[in-house]
S.K.: 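Attaching a single structure in structure tokens format; questions to follow.
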Amino acid sequence: MDKSLEGIVTSEDTKRPIRIPPGQYQTIKWPVLHAGSVPRINLDRWKLDLLGLVEKPVSLNWQELQAQPHVRVFADMHCVTRWSMLDNVWEGVSTRHLADLAGVKSDAKFVIAHCAHGFTTNMPIADFLGDDCLVAWSRNDQPLDPDHGWPLRLMIPKLYAWKSAKWLLGLEFAATDEPGFWEQNGYHNHGDPWTEERFWD
Ligand SMILES: Nc1nc2c(c(=O)[nH]1)N[C@H]1C(S)=C(S)[C@@H](COP(=O)(O)O)O[C@H]1N2
Ligand SMILES: [Mo]
């Protein structure tokens with residue numbers, strides 16, 4: 001294995017003989033895709049909230065987030081508009097660590113990511129807790145720029161990239177599902193790229 005990949009979590013999907021899901025093509029340049037404008041965020045007042053069905057609601061400022069154990073993940077990224085970007089190394093804090101920190105209760109079955117400008121996206125907790133899932137502040141050793149979600153985005157490599165919420169502000173643990181922004185606008189509620197869960201029929 002490549003030296004730079006040692007001590008890294010490797011997303012299972014990167015081990016497939018064919019890494020481009022059906023109906024996708026590979027892009028080398030990183031596209032920018034989102035609804036609305038890029039929010040202006042003041043890092044001094046920024047916080048990540050872990051809330052809902054948790055033993056202990058947690059609110060981490062930037063320094064507190066940085067003090068958590070860091071993780072690096074090697075993963076691919078697939079957008080429903082058909083581009084796939086391979087070979088990304090994301091750095092941040094694992095979603096499993098965040099869930100442990102807040103003490104997620106056993107009746108939590110879904111996670112709703114809350115972002116700047118009121119954007120939300122939802123997913124089953126099992127997908128959220130995948131070993132390749134994290135909140136990320138950098139890709140390939142470059143800090144995220146504002147277009148890509150600075151200061152922090154979610155990264156859920158096994159689902160279409162609209163679940164990888166940019167400008168993340170909160171993670172809510174819930175007993176019932178709550179379709180988010182794109183999910184209410186025609187995108188599939190789950191979004192598995194390998195079975196082409198693209199849109200509601
Ligand atoms: N807050 C927010 N996050 C978002 C979106 C959005 O509209 N708002 N769009 C999603 C979609 S559709 C994709 S494909 C990815 C794109 O991430 P990128 O612009 O860094 O490539 O961000 C996702 N995260
Ligand atoms: Mo997307």
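As the structure lists them, so they are numbered: ligands from 1, and atoms in each ligand from 1. The chain is numbered in sequence order, starting from 1. In this text the structure is predicted, and so the values were computed from the model without any measurement.
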S.K.: Measure the distances from the heavy atoms of Tyr160 to every atom of ligand 1 and state whether one is below 4.0 angstrom.
M.R.: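 No heavy atom of Tyr160 comes that close to ligand 1.
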S.K.: Is Asp132 salt-bridged to Lys158, cutoff N-O under 4.0 Å?
M.R.: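 Yes, this pair counts.
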S.K.: If Ile, Leu, Val, Met, Phe, Trp and Tyr residues are connected whenever their side-chain heavy atoms lie under 4.5 Å apart, and connections chain through other members, are Trp30 and Leu86 in the same group?
M.R.: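 No, because Trp30 and Leu86 fall into different hydrophobic clusters, even though each may have its own neighbours under 4.5 Å.
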S.K.: Tell me whether Ala165 reaches ligand 1 (any heavy atom closer than 4.0 angstrom to a ligand atom).
M.R.: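 A heavy atom of Ala165 does come that close to ligand 1.
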S.K.: Test your reading of the model: is there a side-chain donor-acceptor pair from Trp83 to the backbone of Lys29, 3.5 Å cut-off?
M.R.: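 Such a contact is absent between Trp83 side chain and Lys29 backbone.
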S.K.: Counting from 1, what ligand 1 atoms have a heavy atom of Cys115 closer than 4.0 Å?
M.R.: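 By the 4.0 Å cutoff, the relevant atoms are 1 (N).
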S.K.: With no hydrogens and no angle check, is any side-chain donor or acceptor of Gln184 less than 3.5 Å from a backbone partner on Pro179?
M.R.: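 Yes, the answer is positive, given that a donor and an acceptor are paired below the 3.5 Å cut-off.
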S.K.: Looking only at protein heavy atoms, identify the closest one to atom 17 (O) of ligand 1 and say how far it is in Å.
M.R.: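 Of the protein heavy atoms, Arg153 NH2, 3.1 Å lies nearest.
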S.K.: Could you give the distance from CG (Asp177) to CZ (Phe110), rounded to the nearest 0.5 Å?
M.R.: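 Output value for this atom pair is 4.0 Å.
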S.K.: Could you list the atoms of ligand 1 found under 4.0 angstrom from a heavy atom of Pro31?
M.R.: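 Near Pro31, the atoms of ligand 1 are 18 (P), 19 (O), 21 (O).
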S.K.: Can a donor-acceptor pair be found between the side chains of Glu183 and Thr121 at a distance below 3.5 Å?
M.R.: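 Looking only at side-chain atoms, Thr121 and Glu183 do form a donor-acceptor pair, the distance falling under 3.5 Å.
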S.K.: Identify the closest protein heavy atom to atom 24 (N) of ligand 1: which residue and atom is it, and at what distance?
M.R.: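 Scanning the protein heavy atoms, the shortest distance from atom 24 (N) of ligand 1 goes to Ser164 O, 3.2 Å.
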S.K.: Show which atoms of ligand 1 fall inside a sub-4.0 Å distance from at least one heavy-atom site of Trp30.
M.R.: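 Close to Trp30: 18 (P), 20 (O), 21 (O).
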S.K.: Applying a strict 4.0 Å limit to heavy atoms, is Met85 in contact with ligand 1?
M.R.: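 No, that is not the case, since the closest heavy atom of the residue is not under 4.0 Å from the ligand.
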S.K.: Answer with yes or no after comparing the ring centroid distance for Phe128 and Phe173 against a 6.0 Å cut-off, counting only values under it.
M.R.: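 Under 6.0 Å, so yes.
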S.K.: Which residue supplies the protein heavy atom nearest to atom 1 (N) of ligand 1, what is that atom called, and how far is it?
M.R.: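 It is Lys166 O, 3.0 Å.
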S.K.: If you measure from each non-hydrogen atom of Met77 to ligand 1, which part falls under 4.0 Å: side chain, backbone, both or neither?
M.R.: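 Contact part for Met77 vs ligand 1: side chain (C-beta onward).
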S.K.: Are any of the N or O atoms of Trp83 closer than 3.5 Å to those of ligand 1?
M.R.: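 It does not: no N or O of Trp83 is found under 3.5 Å from an N or O of ligand 1.
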S.K.: Using a strict cut-off of 4.0 Å, indicate which atoms of ligand 1 neighbour a heavy atom of Trp162.
M.R.: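 Reading through ligand 1 atom by atom, the close ones are 10 (C), 11 (C), 12 (S), 23 (C).
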S.K.: Would you mind telling me if ligand 1 is within reach of the side chain of Trp167, the backbone, both or neither, using heavy atoms under 4.0 Å?
M.R.: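 It is the side chain that touches ligand 1; the backbone stays farther off.
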S.K.: Among protein heavy atoms, which lies nearest atom 16 (C) of ligand 1, and at what distance?
M.R.: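 The closest one turns out to be Leu33 O, 3.5 Å.
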S.K.: Supply the atom-to-atom distance Ile20 CD1 to His78 NE2, rounded to the nearest 0.5 angstrom.
M.R.: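 These two atoms lie 7.0 Å from each other.
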S.K.: With heavy atoms of Ala35 as the reference, note each atom of ligand 1 found under 4.0 Å away.
M.R.: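 Counting atoms of ligand 1 from 1, those under 4.0 Å from Ala35 are 6 (C), 7 (O).
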S.K.: Does Lys163 come within less than 4.0 Å of ligand 1, judged by its heavy atoms?
M.R.: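 For ligand 1, residue contact (heavy atoms, under 4.0 Å) with Lys163 is absent.
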S.K.: Looking only at the side chains, is there a donor atom on one of Asn88 and Asp76 sitting less than 3.5 Å from an acceptor on the other?
M.R.: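 Result is no, nothing qualifies.
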S.K.: Looking at Arg72 and Asp141, is there a salt bridge between them, counting it only when a charged N and a carboxylate O are closer than 4.0 Å?
M.R.: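 Looking at Asp141 and Arg72, the cut-off is met.
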S.K.: For atom 23 (C) of ligand 1, what's the nearest protein heavy atom and its distance?
M.R.: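 Among all protein heavy atoms, the one nearest atom 23 (C) of ligand 1 is Ala161 O, 3.3 Å.
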S.K.: Is the distance from the ring center of Trp167 to that of His34 below 6.0 Å?
M.R.: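 Yes, the ring centres sit under 6.0 Å apart.
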S.K.: Leu51, Val104: one ILVMFWY side-chain cluster at the under-4.5 Å cut-off?
M.R.: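 Different clusters.
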S.K.: Give the numbers and elements of all ligand 1 atoms closer than 4.0 Å to a heavy atom of Cys79.
M.R.: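 That gives atoms 14 (S) of ligand 1.
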S.K.: Under 4.0 Å from any heavy atom of Val32, which atoms of ligand 1 are there?
M.R.: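 Within the 4.0 Å cut-off of Val32, ligand 1 contributes 19 (O).
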S.K.: I need the contact type for Tyr187 against ligand 1. Using non-hydrogen atoms and a strict under-4.0 Å cut-off, is it side chain, backbone, both or neither?
M.R.: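 Under 4.0 Å from ligand 1, Tyr187 contributes no heavy atoms.
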